[in-house]
Chemist: 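I have a structure I would like to understand better, so I am pasting it below and will then ask my questions one at a time.
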There are 2 protein chains.
Amino acid sequence: MSSAAKTLALLSHFTDLRPEIGLSQLCRLAGRDKATTYRHVQALEEAGFVEQNPATKRYRLGPAFLQLARTRERTVPRKAGVEAPLHMLAEATGETAHVAVLSGTTLYALHQLESVKHSTRVLIDVNTFPLHATASGLCALAFGPTELLDLASKTMPRFTPETITTPDALEGEIAVTRQRGFAQSSGGYEHDVHSMSAPIFDQTDLFAGTVSVACVATRVTPELARIIYEHLVLASRGITYNWGGSVPDIIEAAWAGSLTGTEALEPMT
Amino acid sequence: MSSAAKTLALLSHFTDLRPEIGLSQLCRLAGRDKATTYRHVQALEEAGFVEQNPATKRYRLGPAFLQLARTRERTVPRKAGVEAPLHMLAEATGETAHVAVLSGTTLYALHQLESVKHSTRVLIDVNTFPLHATASGLCALAFGPTELLDLASKTMPRFTPETITTPDALEGEIAVTRQRGFAQSSGGYEHDVHSMSAPIFDQTDLFAGTVSVACVATRVTPELARIIYEHLVLASRGITYNWGGSVPDIIEAAWAGSLTGTEALEPMT
DNA sequence: TGTATCGGTTCATATATTGAACCATTGGTT
DNA sequence: AACCAATGGTTCAATATATGAACCGATACA
């Protein structure tokens with residue numbers, strides 16, 4: 001591990017819950033000698049990445065981040081971070097992968113990618129996703145702001161015989177979704193489409209959108225569903241990271257519960 | 001210079017105007033060997049501070065900044081209270097308004113806003129402001145901690161023919177700044193830029209940063225200068241209040257003196 | 001075809017990093 | 001008031017780690 005890497009690793013110990021860290025505490029957290037940690041912190045302070053609170057002598061994140069975060073946002077639009085995970089998702093599942101973003105109370109299609117594996121594939125041809133009738137929508141209802149549910153309950157147009165059209169049924173499905181960490185919709189919007197969806201979070205750590213796989217319904221098997229779930233987890237982690245967020249512990253726990261039996265899944269980078 | 005410091009210094013080369021940098025170009029900018037630069041960039045990439053654009057192979061700032069900037073702002077709220085006063089300042093003057101914060105002995109760019117009034121406008125494209133060559137820097141020297149002057153006097157690189165490069169001239173300018181309550185710099189850093197700057201104070205009632213207006217030099221008239229001064233006062237009071245501080249009486253008195261007499265408002269000759 | 005870039009890799013050299021032991025202060029306990 | 005256990009910060013010999021010239025393969029260009 002390079003000296004620079006050790007230095008950078010120090011920054012990861014500063015969080016919302018522990019925004020100020022003294023030298024000794026930082027040593028313990030980093031598991032490194034005090035002199036070493038001190039020099040590393042000096043380098044960080046020099047560059048504006050940490051600053052010392054004059055009152056407490058403890059260190060906190062510095063002002064340089066604001067400027068650099070601004071440049072990052074200007075450089076990389078949100079869509080750019082979605083391309084690679086979606087590609088992997090579509091490849092691994094052989095189905096259509098897509099991402100939607102929540103803006104206000106509407107889920108907008110942001111990007112989609114079709115796998116070339118099969119000659120039949122699902123094409124997403126809507127700009128916005130109905131909340132009650134799609135896996136993405138259920139995901140938003142389960143993990144997004146609560147006002148979405150009030151709005152969705154008001155009008156639930158029927159698209160297919162499978163569409164959920166009663167508030168009770170909707171709430172039941174949302175409960176299952178919360179417990180699982182994924183949403184699922186079989187033919188609720190378009191007849192032959194089976195969809196699975198996981199939430200994405202941004203730098204506010206709030207629900208920001210969904211990543212989904214839309215399958216031709218006749219191809220769905222338990223094995224494929226499992227593969228899709230596993231890769232949805234990876235894609236969600238990857239996109240969430242790229243958008244500057246972190247997956248809430250409660251979601252990770254739900255995923256772990258749904259995927260028991262598989263080895264630990266590494267985040268996508 | 002430590003290896004970590006060299007690594008961190010690489011990040012300062014990424015700006016809005018140069019958001020993506022290839023390995024070779026980064027070597028030249030950093031003035032360092034390619035292998036060294038490569039390893040440093042690797043360490044940065046590992047930590048999420050840069051990422052490689054797969055298409056161009058060039059590097060750009062990474063997603064880690066979004067999270068860290070958010071934590072910084074939650075720890076030390078600075079940016080939140082700056083938006084509104086800057087907006088008013090930019091609107092009222094028709095020029096570019098910006099805020100810098102002092103951390104240690106360095107002035108970091110915090111936020112900026114360009115007025116849409118004119119088709120030509122000043123773009124702030126630096127992360128840190130040189131103390132001797134900018135209005136913000138002069139402001140820090142005049143109203144900030146005394147050790148800044150020792151530091152600034154040591155190295156005063158010349159950026160333009162107008163740059164102050166002798167300690168005597170610098171001290172003279174600082175004296176004028178103290179007396180006026182504003183700093184002023186005409187083309188000292190970039191040739192066609194005329195800048196005016198007022199200090200900001202935080203909850204310790206010590207100098208915490210600057211609020212400035214950067215004008216296209218050819219547009220500066222005594223009338224515009226007066227408007228800028230008046231609105232700088234308002235912006236400084238507003239931001240100082242928001243940061244939990246209060247403007248020292250001595251500064252208020254200096255402002256009052258500057259804004260009654262007309263001669264003090266004349267631009268630098 | 002030859003040349004000049006580019007991103008990335010290797011390896012001997014020597015320079016910069018390391019941590020135990022050491023201060024000087026501070027704040028709480030007896 | 002003396003004591004103790006923290007804290008932030010410093011020193012120096014030992015050595016682990018960073019360094020850069022030279023190299024590689026790929027690409028672009030003329």
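Given the structure is predicted, the values throughout are model-derived calculations rather than measurements. Below, chain A is the first sequence line, B the second, and so on; all start at residue 1.
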Chemist: Answer yes or no: does a side-chain N or O of B:H40 lie under 4.0 Å from OP1 or OP2 of D:dT19?
Modeler: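 Yes, within the criterion.
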Chemist: Using a heavy-atom distance cut-off of less than 4.0 Å, which residues of residues 2-11 of chain A contact DNA chain D?
Modeler: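 Close to the strand are A:S2, A:S3.
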Chemist: For B:E83, enumerate each residue passing the salt bridge (charged side-chain N to carboxylate O under 4.0 Å, His left out) test, keeping only those at least two apart in sequence or located in another chain.
Modeler: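 Applying salt bridge (charged side-chain N to carboxylate O under 4.0 Å, His left out) to B:E83 gives none.
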Chemist: Pairing donors with acceptors under 3.5 angstrom, does anything connect the side chains of B:S195 and B:S212?
Modeler: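 Looking only at side-chain atoms, B:S212 and B:S195 do not form any donor-acceptor pair under 3.5 Å.
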Chemist: Output the rounded distance in Å from CZ (B:R32) to P (D:dA18).
Modeler: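 Atom CZ in B:R32 sits about 14 Å away from atom P in D:dA18.
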Chemist: Using a 4.0 Å heavy-atom cut-off to protein, can you give one letter per nucleotide of nucleotides 4-11 of chain C, 5' to 3': B if the base is in contact, S if only the sugar-phosphate is, - if neither?
Modeler: --SBBBB-
Chemist: On the 0 to 90° scale, with breaks at 30° and 60°, tag the A:F65-B:F65 ring pair as parallel, tilted or perpendicular.
Modeler: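 Ring orientation of A:F65 relative to B:F65: tilted.
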Chemist: Is there a donor-acceptor contact under 3.5 Å from the side chain of B:T96 to the main chain of B:L123?
Modeler: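 Side chain of B:T96 to backbone of B:L123, a donor-acceptor pair under 3.5 Å: no, none is there.
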Chemist: Does atom CD1 of B:I250 have more than 12 heavy-atom neighbours from other groups under 6.0 Å away?
Modeler: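 At most 12 heavy atoms, drawn from other residues, nucleotides or ligands, come within 6.0 Å of this atom.
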Chemist: Using a cut-off of under 3.5 Å, enumerate the N/O to N/O pairs linking the protein to nucleotides 25-28 of chain D.
Modeler:
none

Chemist: Checking B:R70 now: which residues fulfil salt bridge (charged side-chain N to carboxylate O under 4.0 Å, His left out) with it, not counting sequence neighbours?
Modeler: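 Scan of B:R70 (salt bridge (charged side-chain N to carboxylate O under 4.0 Å, His left out), adjacent residues dropped) gives A:D16, A:D205.
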Chemist: Under a 3.5 Å cutoff on both atom distances, Watson-Crick or G-U, what's the dot-bracket for DNA chain C ([ ] crossing, | other strand)?
Modeler: ||||||||||||||||||||||||||||||
Chemist: Quick test of your reading: applying salt bridge (Lys or Arg N to Asp or Glu O under 4.0 Å), list the pairs with at least one residue in residues 53-62 of chain B, sequence neighbours left out, ordered by first then second residue.
Modeler: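 Every pair satisfying salt bridge (Lys or Arg N to Asp or Glu O under 4.0 Å) with a residue in residues 53-62 of chain B: B:E20-B:R58, B:E20-B:R60, B:E51-B:R60.
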Chemist: Which salt bridge (Lys or Arg N to Asp or Glu O under 4.0 Å) pairs, counting each pair once, include a residue from residues 143-162 of chain B, with sequence neighbours left out?
Modeler: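 For residues 143-162 of chain B, and leaving out neighbouring residues, there are no salt bridge (Lys or Arg N to Asp or Glu O under 4.0 Å) pairs at all.
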Chemist: Counting only heavy atoms not in B:Y241 (residues, nucleotides, ligands), do more than 12 fall under 6.0 Å from its OH?
Modeler: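 Counting other residues, nucleotides and ligands, OH of B:Y241 stays at 12 neighbours or fewer.
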Chemist: Write out all pairs satisfying salt bridge (Lys or Arg N to Asp or Glu O under 4.0 Å) with one or both partners inside residues 119-132 of chain B, taking only residues at least two apart or from two chains.
Modeler: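 Output for this query is empty, none listed.
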Chemist: Taking only distance into account, with no hydrogens and no angle test, what donor-acceptor pairs under 3.5 Å do side-chain atoms of residues 5-13 of chain B form with protein atoms, sequence neighbours excluded?
Modeler:
from  : atom 1 : to    : atom 2 : distance (Å)
B:T7  : OG1    : B:S3  : O      : 2.8
B:S12 : OG     : B:A9  : O      : 2.7
B:H13 : ND1    : B:L10 : O      : 3.4

Chemist: Quick one: side-chain contact (heavy atoms from CB on, under 4.5 Å) partners of B:A208, sequence neighbours excluded?
Modeler: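 Scan of B:A208 (side-chain contact (heavy atoms from CB on, under 4.5 Å), adjacent residues dropped) gives B:D202, B:W243.
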Chemist: Please report, to 0.1 Å, the donor-acceptor pairs under 3.5 Å made by any side chain of residues 39-47 of chain A, with sequence neighbours excluded.
Modeler:
from  : atom 1 : to    : atom 2 : distance (Å)
A:Q42 : NE2    : A:Y38 : OH     : 3.1

